Number of protein chains: 2
Amino acid sequence: MRPRSATLTEQELEIMKIVWDREPATVRDVFEILLERRKQESRSLAYTTVMTMMKILEQKEYLRKDESDRAFVYRPTQPKGTVIGAMVREFVNRVFNGSAEPLLVHLVEEHNLSKDDLDEIARIRGKQ
Amino acid sequence: MRPRSATLTEQELEIMKIVWDREPATVRDVFEILLERRKQESRSLAYTTVMTMMKILEQKEYLRKDESDRAFVYRPTQPKGTVIGAMVREFVNRVFNGSAEPLLVHLVEEHNLSKDDLDEIARIRGKQ
DNA sequence: CGCCTAGTACTAATTTTTTAGTATGAGGCG
DNA sequence: CGCCTCATACTAAAAAATTAGTACTAGGCG
């Protein structure tokens with residue numbers, strides 16, 4: 001039996017990022033942004049596809065919908081940081097067996113993070 | 001049209017990690033390790049499932065198979081660091097729109113990376 | 001008022017990913 | 001030699017993830 005994804009799937013995340021950005025957002029809001037992006041890469045998208053995805057996100061309790069004037073408006077139930085944090089944790093677990101250091105090394109070596117960036121983070125971190 | 005995953009899927013990665021570890025590995029090698037893990041969580045696994053996955057990995061050219069005494073032996077075509085690096089990049093793109101810093105912040109704030117760890121990384125990084 | 005638009009609910013198809021069954025063959029061994 | 005084990009090739013089913021169609025409704029507006 002194939003298990004369900006433990007975190008947001010790719011398309012679910014795509015939608016959640018938009019809703020976190022707008023807070024709240026309607027299906028049409030999300031649809032238009034996504035459609036625009038799809039056009040860039042010559043892919044299409046149906047309005048009802050976004051609707052279905054947002055309903056799924058509501059069922060999974062990532063979104064909550066409120067009656068509004070015309071269309072439903074959706075809001076995230078959890079802050080972005082919380083959900084993304086869980087995704088980072090899942091990634092670290094899955095790819096690096098739970099250890100964050102090797103990921104850090106990848107970031108430093110392959111993502112142009114300078115010593116200054118690290119110092120900056122360390123400084124912020126140190127403050128608390 | 002749903003696109004294919006741009007990186008290793010979950011099960012593909014699980015297998016690749018084992019093969020990188022053994023180098024080379026047979027289907028049976030991988031099967032036994034995975035079966036053991038599955039047992040822990042009361043899940044089952046068929047030998048042929050692993051075979052199919054490894055054939056897919058061969059088709060995708062992540063693995064190469066060599067004739068051997070009894071069973072085929074499989075070797076990775078690319079070093080672990082390269083492939084995992086690509087996965088990190090894909091993750092950063094997908095989740096953080098390509099910017100590594102916010103991921104770094106998550107790591108520092110939620111994965112018990114101390115200032116010392118950062119210093120250590122910065123030192124290694126600085127050396128080159 | 002009747003029509004068009006925007007929205008929703010419901011249903012379902014498609015593709016990917018994961019899983020496994022069946023048939024077949026090679027080789028050791030009693 | 002005949003059987004049993006292990007491996008492979010081939011086929012395909014099941015589940016998840018993604019995509020979309022159809023029917024229906026409310027509301028604006030000509």
Side-chain angles (χ1 to χ4, degrees), chain A residues 1-19 24-35 37-39 41-60 62-74 87 90 94, chain B residues 1-19 24-35 37-39 41-60 62-74 87 90 94:
Chain A
M1 201 193 352
R2 179 183 175 188
R4 279 232 160 71
S5 169
T7 57
L8 289 174
T9 64
E10 180 162 348
Q11 296 311 310
E12 287 172 350
L13 174 62
E14 212 57 24
I15 290 174
M16 286 303 297
K17 289 202 288 188
I18 293 170
V19 181
T26 63
V27 171
R28 181 146 300 270
D29 292 337
V30 175
F31 169 67
E32 268 163 13
I33 293 169
L34 251 30
L35 184 63
R37 287 186 199 160
R38 293 273 181 117
K39 275 188 192 160
E41 26 183 337
S42 314
R43 301 217 298 143
S44 59
L45 180 65
Y47 180 89
T48 50
T49 298
V50 180
M51 252 205 46
T52 306
M53 290 297 295
M54 289 177 79
K55 180 180 318 190
I56 289 170
L57 284 165
E58 196 203 347
Q59 282 163 0
K60 293 189 177 179
Y62 284 105
L63 290 180
R64 181 169 56 83
K65 89 178 162 193
D66 289 308
E67 202 81 50
S68 173
D69 198 31
R70 280 187 62 69
F72 288 127
V73 297
Y74 290 81
M87 290 194 70
E90 187 275 340
R94 178 164 49 87
Chain B
M1 203 192 352
R2 179 182 174 189
R4 280 235 161 72
S5 169
T7 58
L8 289 174
T9 63
E10 180 162 348
Q11 296 311 309
E12 286 172 350
L13 174 62
E14 211 58 24
I15 289 175
M16 286 303 297
K17 289 201 290 187
I18 293 170
V19 180
T26 64
V27 172
R28 181 146 301 270
D29 292 336
V30 174
F31 169 67
E32 268 162 11
I33 293 169
L34 287 180
L35 184 63
R37 288 186 198 161
R38 292 274 181 116
K39 274 188 192 159
E41 23 182 338
S42 313
R43 302 217 298 143
S44 60
L45 180 65
Y47 179 89
T48 50
T49 298
V50 180
M51 253 205 44
T52 306
M53 290 296 296
M54 289 176 79
K55 179 178 320 188
I56 289 169
L57 283 165
E58 197 203 348
Q59 283 163 359
K60 294 189 178 180
Y62 284 105
L63 291 180
R64 180 171 56 83
K65 88 179 164 193
D66 289 307
E67 202 79 52
S68 173
D69 199 31
R70 279 184 65 66
F72 288 126
V73 295
Y74 290 82
M87 291 194 70
E90 188 274 340
R94 179 164 48 86

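Lettering of chains follows the sequences in order, A, B, ..., and the numbering in each one begins at 1. Note that the structure is a prediction, hence the values are computed from the model and not measured.
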Between D/dT18 and A/Thr9, is there an OP1 or OP2 to side-chain N/O distance shorter than 4.0 Å? yes
B/Arg70 has an atom CZ; how far is it from atom C1' of D/dT8, in whole Å? 12 Å
Between A/Tyr74 and B/Lys60, which has a closest nucleotide on DNA chain C that is more 5'? A/Tyr74
Which residue lies toward the 5' end of DNA chain C, A/Phe72 or A/Met1, if each is placed at its nearest nucleotide? A/Phe72
In terms of the nearest nucleotide of DNA chain D, which residue is placed more toward the 5' end: B/Val27 or A/Thr7? B/Val27
Could you state the atom-to-atom distance from CG of A/Leu34 to C1' of D/dT19 in whole Å? 12 Å
Atom CZ of B/Arg37 to atom C1' of C/dT18: distance rounded to whole Å? 17 Å
Yes or no on side-chain contact (heavy atoms from CB on, under 4.5 Å) for B/Glu14 and B/Val30, after CA distance, side-chain angles and deciding distance? CA-CA 9 Å; B/Glu14 211 58 24; B/Val30 174; over 6 Å; no
Considering only heavy atoms and no angle criterion, is a donor-acceptor pair shorter than 3.5 Å present between the side chain of A/Arg2 and the base of C/dT17? yes
How far does OG1 of B/Thr9 sit from CZ of B/Arg4, to the nearest 0.5 angstrom? 10.5 Å
Check each residue of residues 41-55 of chain A for a non-hydrogen atom within less than 4.0 Å of any atom in DNA chain C, then write out the ones that pass by number, or none. A/Tyr47, A/Thr48, A/Met51, A/Lys55
What's the spacing between B/Thr26 OG1 and B/Lys65 NZ if we round to 0.5 Å? 13.0 Å
B/Arg4 side chain N/O closer than 4.0 Å to the phosphate oxygens (OP1, OP2) of C/dT17? yes
Does this structure show an ion pair linking A/Glu90 with A/Arg94, if we count only N-O contacts that are shorter than 4.0 Å? yes
Using whole Å, what does the distance between atom C1' of nucleotide D/dA16 and atom CD of A/Glu12 come to? 11 Å
Measure CZ/A/Arg38 against P/D/dA20 and give the value in whole Å, please. 7 Å
For the atom pair CD (A/Glu10) and CD (A/Glu12), what is the distance rounded to the nearest 0.5 Å? 11.0 Å
B/Arg28 has its side chain closest, among D/dC6, C/dT17, C/dT19, to D/dC6
Output, in order, the C-alpha distance, side-chain angles, deciding distance and verdict of side-chain contact (heavy atoms from CB on, under 4.5 Å) for B/Lys55 and B/Leu57. CA-CA 5 Å; B/Lys55 179 178 320 188; B/Leu57 283 165; over 6 Å; no
Distance, rounded to the nearest Å, where B/Phe31 contributes CZ and C/dT18 contributes C1': 15 Å
How close or far is atom C1' of D/dT18 from atom CD of A/Glu10, stated in whole angstroms? 11 Å
B/Gln11 CD to D/dA16 C1', straight-line distance once rounded to whole Å: 13 Å
Start with the C-alpha distance between A/Val27 and A/Tyr47, add both sets of side-chain angles, then the distance that settles side-chain contact (heavy atoms from CB on, under 4.5 Å), and finish with yes or no. CA-CA 8 Å; A/Val27 171; A/Tyr47 180 89; 3.6 Å; yes
